[in-house]
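Worksheet: one structure, shown below.
Values in this document were obtained by computation on a predicted structure and should not be read as measured data. In the text below, chain A, chain B and the rest are named by the order of the sequence lines, each starting its count at 1.
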Protein chains: 2
Amino acid sequence: MVEQTLLPAQHEQLAVRTVPEMVDAIYRLAVRGAPAIGVAAAFGVLLGVQDQGGLERGAFLGHAQAVCDELATARPTAVNLFWALNRMRDRLAKDEATGADVPALIGGLFEEAHAIYESDRATCRRMGEIGAELITDGQSLLTHCNAGALATAGMGTALAPMYVAAEQGKKIHVFADETRPLLQGARITAWELMQADIDVTLITDSMAACVMQEGKVDAVFVGSDRIAANGDVCNKIGTYGVALCAQAHDIPFYVVAPLSTIDPSLSDGSLIPIEERPPAEITEGFGRRTAPEGVMTYSPAFDVTPARLVTGLITEVGLLQAPDTESILDALARGEQGAT
Amino acid sequence: MVEQTLLPAQHEQLAVRTVPEMVDAIYRLAVRGAPAIGVAAAFGVLLGVQDQGGLERGAFLGHAQAVCDELATARPTAVNLFWALNRMRDRLAKDEATGADVPALIGGLFEEAHAIYESDRATCRRMGEIGAELITDGQSLLTHCNAGALATAGMGTALAPMYVAAEQGKKIHVFADETRPLLQGARITAWELMQADIDVTLITDSMAACVMQEGKVDAVFVGSDRIAANGDVCNKIGTYGVALCAQAHDIPFYVVAPLSTIDPSLSDGSLIPIEERPPAEITEGFGRRTAPEGVMTYSPAFDVTPARLVTGLITEVGLLQAPDTESILDALARGEQGAT
């Protein structure tokens, strides 16, 4: 995987060989982005089981569950992590029921992980095509955090419509919020878009309202880490403020996320567990202490944007305008049908 | 003066001995905060004239004007800079009209600079007393940037009500936005409030909306660099976004600023010149590059909050609820009366 904490200064590959290394990579944000975390977790299961072909069948099944449990502790908010692990557990249960032996159980998990990876690529592409229809030539867009190729196995979520629009020959410009504390926008989104020859202007998070007021933003596109059944959107801290500013300026606010990001078990966003990050990411996030010793901090990694601020939710089964419980459950049902 | 760019790691005094050094100190933000910039400019005039007692009278008058012109170039937005320089020019013209000789002209400028300094101290105290009436025991407040003692010659503008409330025995808590790009909130506000034993929690700018949503903020207090005749408020970049978020959560948004911050020559905020800062403050603001080489940036130092988002403007002549052109011109008239 790309070691994303070093971007853009260094573009290095990180070799992840064990389950604890994968948990650490997810916690450190060496791999990040909800869909990418899901794919990483699925491959993390393979790391944990691939050398265990010699185990007795009952022991193997217990071990595989323990590996899934360990990976589930890496980060609490992105539901794609649990979604991918559940797909792996379901596959294991299905193969177990058919009487598969240990090598066949391992083979099934390999198939499932690769299916998750491939479907993420196809899903990103599809969301990009749907989202690109909302973008016209000459528009200027704004995004927060990084929901691009480095956040998925494919071309990204929020950035996918931009990549497809650019492929279609539309000339676009993107404002990238730097996204404190960990600067995913400055480090990753700006880098990704420059690599793709898309015009990008980096701003601090505090400038988003100002550029909207100046009439420089035609639409906002963001990703999501978990979406409740009613359409409340959990995403990187700062997204909610961007949504409020977009609403105040009548700018459409689009969320781009695969169905695997939706958690229908939670009726609304207040139930989504929000990870709190360590103080040092605020007080010395740049390799140098920039706040007084001993200062109190509060550092939620995510916030929740109420569904009423979401102009549209772009999923692989289509655009849900003003998403609500009904349209979301309907989209999930269509996704199930498509998968079967 | 305190060399504010080194806070909080180092608390050092900066010796400013010449006019170019003062211009540089203002441009670098070694001294910052609209009222402090005004006081610094007045003392900058003294640095430029104090050794010129040997000049012929006409040459001295021309030189003093040139010194004022040079200081006026330091930063374009904070009107207190021009206000203080105009007070110095007016004093010079008044003393010139009475036939004062060069030593007496210099003496007059010394008097005027010290009067500006003393009135800033008294003004801060008065605004603190008026603002403290709006704060009740146990409240949690939010501020952006630094409008404290280090931004004035006195106890600050936005922070003055907090200092007075604490003096009155009210237990308060303050969320300090870190205030990218130059982190005045993290480096200076957090440090100042900790020195004063006021509970402060440091957050990134992107977290303000979230803490408001969580019901943790009772009121917002900010300063200002220039206020138009209609009550539009220019302040540190990010203030406008905070104001939009406060409105969305029905949280009162107070601006604390002396009458010298009001520029009645500008009918509304769109006419206020906004300084743009160099890209490096975004891309390598912490001594380490955190964005790709060659990335475009946009870095307005200030934004404009429309008067309709301002719950109240606290000046030394009182609280203006929902300020507008009429109440602002009335306050300026009362200020003139008080001064005469």
Side-chain angles (χ1 to χ4, degrees), chain A residues 7-9 144 175-181 183 186-187 190-191 194-195 199-211 213-214 216 236-245 247-248 274 279 282-283 285-300 302-304 306, chain B residues 7-9 144 175-181 183 186-187 190-191 194-195 199-211 213-214 216 236-245 247-248 274 279 282-283 285-300 302-304 306:
Chain A
L7 286 174
H144 188 75
F175 282 104
D177 284 357
E178 66 173 6
T179 316
R180 280 280 284 152
L183 297 174
R187 296 188 301 105
W191 183 81
M194 288 172 78
Q195 300 278 318
D199 273 354
V200 55
T201 299
L202 177 64
I203 57 175
T204 66
D205 305 322
S206 59
M207 293 171 192
C210 176
V211 296
Q213 188 187 42
E214 291 173 351
K216 294 176 176 169
K236 178 57 54 196
I237 188 72
T239 303
Y240 173 50
V242 171
L244 286 175
C245 293
Q247 185 194 43
I274 303 291
I282 296 182
T283 59
F286 303 87
R288 178 158 86 84
R289 187 156 189 101
T290 51
E293 291 288 343
V295 68
M296 287 189 292
T297 63
Y298 175 56
S299 189
F302 304 94
D303 58 26
V304 174
Chain B
L7 287 173
H144 188 76
F175 282 105
D177 284 355
E178 65 173 6
T179 316
R180 279 281 284 152
L183 297 173
R187 296 188 301 106
W191 183 80
M194 287 172 78
Q195 299 278 318
D199 273 353
V200 55
T201 299
L202 177 63
I203 57 175
T204 65
D205 305 321
S206 59
M207 292 170 192
C210 177
V211 296
Q213 188 186 41
E214 290 172 352
K216 293 177 176 168
K236 178 57 53 198
I237 188 73
T239 303
Y240 172 50
V242 172
L244 287 175
C245 293
Q247 185 194 45
I274 304 291
I282 296 183
T283 59
F286 305 87
R288 179 158 85 85
R289 188 156 190 101
T290 51
E293 291 288 342
V295 69
M296 287 189 292
T297 63
Y298 175 57
S299 188
F302 305 94
D303 59 26
V304 175

Next item on the list: Find the distance between CD (A:Glu178) and OG1 (B:Thr283) and round it off to the nearest 0.5 Å.
Entry: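 Separation between the atoms: 10.0 Å.
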Margin query: Let me confirm one number: the CZ-CG distance from B:Arg180 to A:Asp177, rounded to the nearest 0.5 Å.
Written below: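 The CG atom of A:Asp177 is 12.0 Å from CZ of B:Arg180, to the nearest 0.5 Å.
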Check: Just one of B:Thr297, B:Ile282, B:Asp303 clears the side chain to side chain contact (heavy atoms under 4.5 Å, CB included) bar with A:Met207, so which one?
Finding: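 Between A:Met207 and the candidates, side chain to side chain contact (heavy atoms under 4.5 Å, CB included) is satisfied uniquely by B:Ile282.
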Side chain / backbone / both / neither for [X] at chain A, heavy atoms under 4.5 Å:
X: B:Val242; result: neither
X: B:Pro292; result: both
X: B:Leu244; result: side chain
X: B:Arg289; result: neither

Next item on the list: Pick one of side chain, backbone, both or neither for A:Ala190, based on which atoms fall under 4.5 Å of a heavy atom in chain B.
Entry: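 Looking at A:Ala190, backbone and side chain both touch chain B.
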Please find the pair of heavy atoms, one from [X] and one from [Y], that lie closest to each other, and give the distance.
X: B:Asp205; Y: A:Ser206; answer: OD2-CB, 4.0 Å
X: A:Met194; Y: B:Glu293; answer: CE-O, 3.4 Å
X: B:Ile203; Y: A:Tyr298; answer: CG2-O, 3.8 Å
X: A:Met296; Y: B:Val200; answer: CE-O, 3.3 Å

Notebook entry, point to check: Is the backbone N or O of B:Val304 less than 3.5 Å from a side-chain atom of A:Gln213, with the two atoms forming a donor-acceptor pair by type?
Noted result: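 Looks like yes, one N/O pair under 3.5 Å.
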Next item on the list: Could you have a look at B:Ala248, B:Pro300, B:Gly241 and say which one has the most heavy-atom pairs with chain A under 4.5 angstrom?
Entry: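 Highest number of heavy-atom pairs under 4.5 Å: B:Pro300.
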